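Below, chains carry the letters A, B, ... as their sequence lines are ordered, and counting in each starts from 1. In this text, all values refer to a predicted model and were calculated from it rather than measured experimentally.
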Amino acid sequence: MLRWGLIPAWAKDEKIGYSTINARAETMADKPAFREAFRWRRCIVPASGFIEWETVGKKKLPYHFRRPDHLPLSLAGLWERWTKGSEPIETFTIVVTEANDLVRPMHDRMPEVLADGDIDRWLDQETSPETLQAMLRPTDEGLLMKERVSTRVNNVKNDDPACLAVEDASLDLFQEAP
DNA sequence: CCAGACGTTGTT
DNA sequence: GTCTGG
DNA sequence: CCAGACGTTGTT
DNA sequence: GTCTGG
């Protein structure tokens with residue numbers, strides 16, 4: 001099982017993993033923490049979708065960004081193996097890029113969602129860095145939709161499918177009343 | 001030359 | 001491990 | 001981002 | 001309430 005939060009091979013301390021949960025697509029080829037993984041250890045992170053929050057007053061309303069057909073997304077990832085601790089630890093990070101128009105109202109970044117036709121090239125060690133860089137664009141508009149889900153997802157302790165229970169957004173009109 | 005950083009913007 | 005800043 | 005700390009050695 | 005560490 002890989003742990004989320006990439007620990008570079010040279011790291012003295014695994015704590016760096018707390019701040020390497022994402023790698024910026026624009027710069028990962030050059031960053032010491034990511035460049036070796038970018039060159040040799042690219043991976044796919046399957047996900048039902050991803051969550052971003054809309055801030056309404058003091059409330060945070062979670063939205064699940066997903067495919068309309070409910071198929072999993074193929075997120076671009078990098079992985080590493082760290083052997084400086086008592087046990088080897090394998091870790092990964094999720095590549096992020098600029099948000100597309102659908103996500104931008106909530107956040108300026110989003111995970112790199114690979115088009116089906118790009119998956120093989122992303123994983124192939126023969127693919128040139130230039131070709132890889134070219135496929136790292138904000139996801140095509142229209143591939144994803146957003147759906148309001150339970151605020152259960154706002155608490156990290158709730159690690160279960162109920163987090164993705166769909167909310168009827170229209171109910172918010174009543175819930176917002178003073 | 002050595003010391004210190006090396007990463008992102010956040011719900012593992 | 002490699003680069004940067006001092 | 002969330003969780004957890006936050007302070008001093010004592011009588012205004 | 002606000003800052004810090006993870």
Is any side-chain nitrogen or oxygen of [X] closer than 4.0 Å to OP1 or OP2 of [N]?
{"X": "Arg35(A)", "N": "dG1(C)", "result": "no"}
{"X": "Thr27(A)", "N": "dT8(B)", "result": "yes"}
{"X": "Arg109(A)", "N": "dT9(B)", "result": "yes"}

Under 4.0 Å between a side-chain nitrogen and a carboxylate oxygen: does that hold for [X] and [Y]?
{"X": "Lys60(A)", "Y": "Glu54(A)", "value": "no"}
{"X": "Arg3(A)", "Y": "Glu90(A)", "value": "no"}
{"X": "Asp118(A)", "Y": "Arg121(A)", "value": "yes"}

Throw together a table of side-chain donor-acceptor distances under 3.5 angstrom for residues 131-141 of chain A, partners on residues two or more places apart or in other chains.
| unit_1 | atom_1 | unit_2 | atom_2 | d |
| --- | --- | --- | --- | --- |
| Thr131(A) | OG1 | Ser128(A) | OG | 2.9 |
| Arg137(A) | NH1 | Ala134(A) | O | 3.0 |
| Glu141(A) | OE2 | Asp101(A) | N | 3.1 |

Answer yes or no for Lys146(A) and Tyr63(A): cation-pi contact, defined as NZ/CZ to six-membered ring centre under 6.0 Å and angle to ring axis within 45°. yes

* **Whether over 12 other heavy atoms sit under 6.0 Å from Asp13(A) CG** => yes

Within residues 97-108 of chain A, those residues having any heavy atom closer than 4.0 Å to DNA chain E are none

Of the listed nucleotides [options], the one nearest the side chain of [X]:
{"X": "Lys60(A)", "options": "dC1(D), dT9(B), dG10(B)", "result": "dC1(D)"}
{"X": "Ile16(A)", "options": "dT8(B), dG10(B), dC6(B)", "result": "dC6(B)"}
{"X": "Trp53(A)", "options": "dG1(C), dT9(B), dT11(B)", "result": "dT11(B)"}

Find every protein N or O atom lying less than 3.5 Å from an N or O atom of nucleotides 2-6 of chain E, and list the pairs.
| unit_1 | atom_1 | unit_2 | atom_2 | d |
| --- | --- | --- | --- | --- |
| dG6(E) | O3' | Tyr18(A) | OH | 2.5 |

Any donor-acceptor pair under 3.5 Å from Thr93(A) side chain to Asn22(A) backbone: yes

- Query: So, Arg42(A) side chain and Phe38(A) main chain: donor-acceptor pair closer than 3.5 Å or not?
  - Reply: yes

Rounding to the closest angstrom, what is the interatomic distance between [N] and [M] at atom [atom1]?
{"N": "dA3(D)", "M": "dT11(B)", "atom1": "P", "value": "13 Å"}
{"N": "dC2(D)", "M": "dG10(B)", "atom1": "C1'", "value": "9 Å"}
{"N": "dT9(D)", "M": "dC3(E)", "atom1": "P", "value": "24 Å"}

Stems for DNA chain B (at least 3 consecutive Watson-Crick or G-U pairs, under 3.5 Å) come to B:1-6 with C:1-6

Side chains of residues 68-75 of chain A: which donor-acceptor pairs under 3.5 Å do they make with residues two or more places apart or in other chains?
| unit_1 | atom_1 | unit_2 | atom_2 | d |
| --- | --- | --- | --- | --- |
| Asp69(A) | OD1 | Arg67(A) | NE | 3.0 |
| Asp69(A) | OD1 | Leu71(A) | N | 3.0 |
| Asp69(A) | OD2 | Arg67(A) | NH2 | 2.8 |

Taken in chain and number order and not counting sequence neighbours, the residues that satisfy ring-ring contact (aromatic ring centres under 6.0 Å, His included) with Phe34(A) are none

Consider only side-chain heavy atoms of I, L, V, M, F, W and Y, link residues closer than 4.5 Å, and tell whether Leu6(A) and Ile44(A) are in one cluster. yes

Atom CE of Met110(A) and atom P of dT9(B) are separated, to the nearest Å, by 13 Å

Whole-Å distance, Trp82(A) CH2 to dC6(B) P, equals 18 Å

